[in-house]
Amino acid sequence: MTTVLHHPLVDHRMTYMRDVATQPKLFRELVSEITTFLAYEALRDVKTVEVTVQTPLAKTVGRKVAENVVLVPILRAGMGMLDAMLRVLPYAKVGVLGMQRNEETAEPIPYYAKVPPAKGDELAIAIDPMFATGGSAVDAVSQLKKLGYKKIIFLNLVSAPEGIANFEKQHPDVPVYTAAKDERLNSHFYIVPGLGDAGDRIFGTL
Ligand code: PRP
Ligand code: URA
């Protein structure tokens with residue numbers, strides 16, 4: 001199932017992020033801020049445990065996050081979302097998956113993988129700003145499943161209907177959270193209206 005964030009604070013940032021005039025510094029900040037909102041939505045049901053805490057006035061009961069999380073940015077653009085994810089989940093482990101699209105076919109070419117195998121019931125969170133044909137995300141999640149992960153979610157910033165349909169067919173058990181669902185892909189498999197090449201805009205390599 002795919003959840004699309006609908007929120008004025010997200011839409012506001014998305015508008016600046018899409019703007020071709022936005023420079024890498026601001027672009028990176030917007031990626032981080034929207035990622036924080038995505039995490040807020042996606043982690044509503046994260047495992048917690050009850051704890052007691054002594055306030056200056058009394059003892060009370062609170063809750064602490066008890067989920068073991070492995071964050072998995074898809075290189076390279078996924079790195080842009082990592083800081084924000086680590087801010088909200090400071091004890092998460094991190095693994096990385098390198099994936100490069102073939103320029104002509106958009107087929108993902110995996111070139112690096114360093115993800116710890118699942119030990120128990122960890123939650124793996126794949127992160128990548130762009131969800132175009134869905135090929136990279138489908139491959140990344142397949143790799144995570146092979147490593148033994150049973151609980152997986154995928155967070156992205158801009159998605160295309162084609163990518164969502166492809167992913168839901170291949171991994172119907174994996175929830176997806178996106179900050180915007182765009183109109184379509186163009187003939188070069190870029191998202192329209194989209195925001196261009198996320199990796200280039202994050203890393204200033206246009
Ligand atoms: C981009 C993006 C995704 C992928 C999405 O990466 O960051 O990983 O394309 O497209 P898909 O849904 O059609 O697979 P790219 O291959 O351009 O590499 P980069 O992150 O190194 O720029
Ligand atoms: N990758 C990007 O960075 N942007 C797109 O629109 C599609 C794939």
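Count residues from 1 along the sequence. Ligands are counted one by one from 1 in listed order, and the atoms in each one are counted from 1 as well.
Interface atoms of ligand 2 facing F189, defined by a heavy-atom separation under 4.0 Å, are 7 (C). Numbered from 1 in the order shown, with element, the atoms of ligand 1 that lie under 4.0 Å from a heavy atom of M130 read 2 (C), 3 (C), 5 (C). Close approach of ligand 2 to I191 (heavy-atom distance below 4.0 Å) involves ligand atoms 5 (C), 6 (O). In summary, the atoms of ligand 1 found under 4.0 Å from a heavy atom of A77, numbered by their order in the structure, are 7 (O), 20 (O). Close contacts of ligand 2 with M130, meaning ligand atoms under 4.0 Å from a residue heavy atom, involve 1 (N), 2 (C), 3 (O), 4 (N), 5 (C), 6 (O). Atom numbering of ligand 1 starts at 1 in the shown order; those under 4.0 Å from a heavy atom of D128 are 2 (C), 3 (C), 7 (O), 8 (O). Less than 4.0 angstrom separates some heavy atom of A198 from each of these atoms of ligand 2: 2 (C), 3 (O). The atoms of ligand 1 that sit less than 4.0 Å from any heavy atom of D197 are 22 (O). Atom numbering of ligand 2 starts at 1 in the shown order; those under 4.0 Å from a heavy atom of G196 are 2 (C), 3 (O), 4 (N), 5 (C), 6 (O).
Here's the thing with R101: one of its N/O atoms is less than 3.5 angstrom from an N/O atom of ligand 1. Looking at A132 next to ligand 1, an N or O pair under 3.5 Å apart turns up.
Closest to atom 15 (P) of ligand 1, if we only count protein heavy atoms, is Q100 NE2, 4.0 Å. Scanning the protein heavy atoms around atom 5 (C) of ligand 2, the nearest turns out to be Y190 CD2, 3.4 Å. When only non-hydrogen protein atoms are considered, atom 4 (C) of ligand 1 lies nearest to S136 OG, 3.5 Å.
Other residues, nucleotides and ligands contribute only 12 or fewer heavy atoms inside 6.0 Å of the CD atom of E103. Atom OH of Y111 has more than 12 heavy atoms from other residues, nucleotides or ligands within 6.0 Å.
The cationic atom of R101 (NZ for Lys, CZ for Arg) lies less than 6.0 Å from the six-membered ring centre of Y190 and within 45° of the ring axis.
Comparing heavy-atom distances from atom 11 (P) of ligand 1 across I202, L97, T133, T105 singles out T133 as nearest.
Of the possible donor and acceptor atoms, none in the side chain of E122 sits under 3.5 Å from a partner among the backbone N and O of N68. Of the possible polar contacts, none joining the D182 side chain to the S159 backbone as a donor-acceptor pair under 3.5 Å is found. Judged by distance alone, the side chain of E162 and the main-chain N or O of L185 form a donor-acceptor pair under 3.5 Å.
Side-chain heavy atoms closer than 4.5 Å link hydrophobic residues (I, L, V, M, F, W, Y) into clusters, and following such links, even through other members, never connects L144 to I127.
Aromatic ring centroids of Y177 and F154 lie 6.0 Å or more apart.
Within the structure, ligand 2 lacks R201 among the residues with a heavy atom less than 4.0 angstrom away. Residue contact annotation: G134 has a non-hydrogen atom under 4.0 Å from ligand 1.
A salt bridge is defined here as a Lys NZ or Arg NE, NH1 or NH2 lying under 4.0 Å from an Asp or Glu carboxylate O, and D83 with R28 fails to meet this definition. With respect to D173 and K145, a salt bridge is recorded, a charged nitrogen being found less than 4.0 Å from a carboxylate O.
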| request: Take R76 and D200 through the test salt bridge (charged side-chain N to carboxylate O under 4.0 Å, His left out) and record every step on the way to the result. | output: CA-CA 9 Å; R76 128 195 98 134; D200 282 341; 3.0 Å; yes
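Looking at D128, T2, T178 one by one, the single match for side-chain hydrogen bond (donor to acceptor under 3.5 Å, both in side chains) with N156 turns out to be T178.
Distance check on atom 1 (C) of ligand 1: every protein heavy atom falls at or beyond the 4.0 Å cut-off. Remark: atom 13 (O) of ligand 1 lies closer than 4.0 Å to at least one protein heavy atom.
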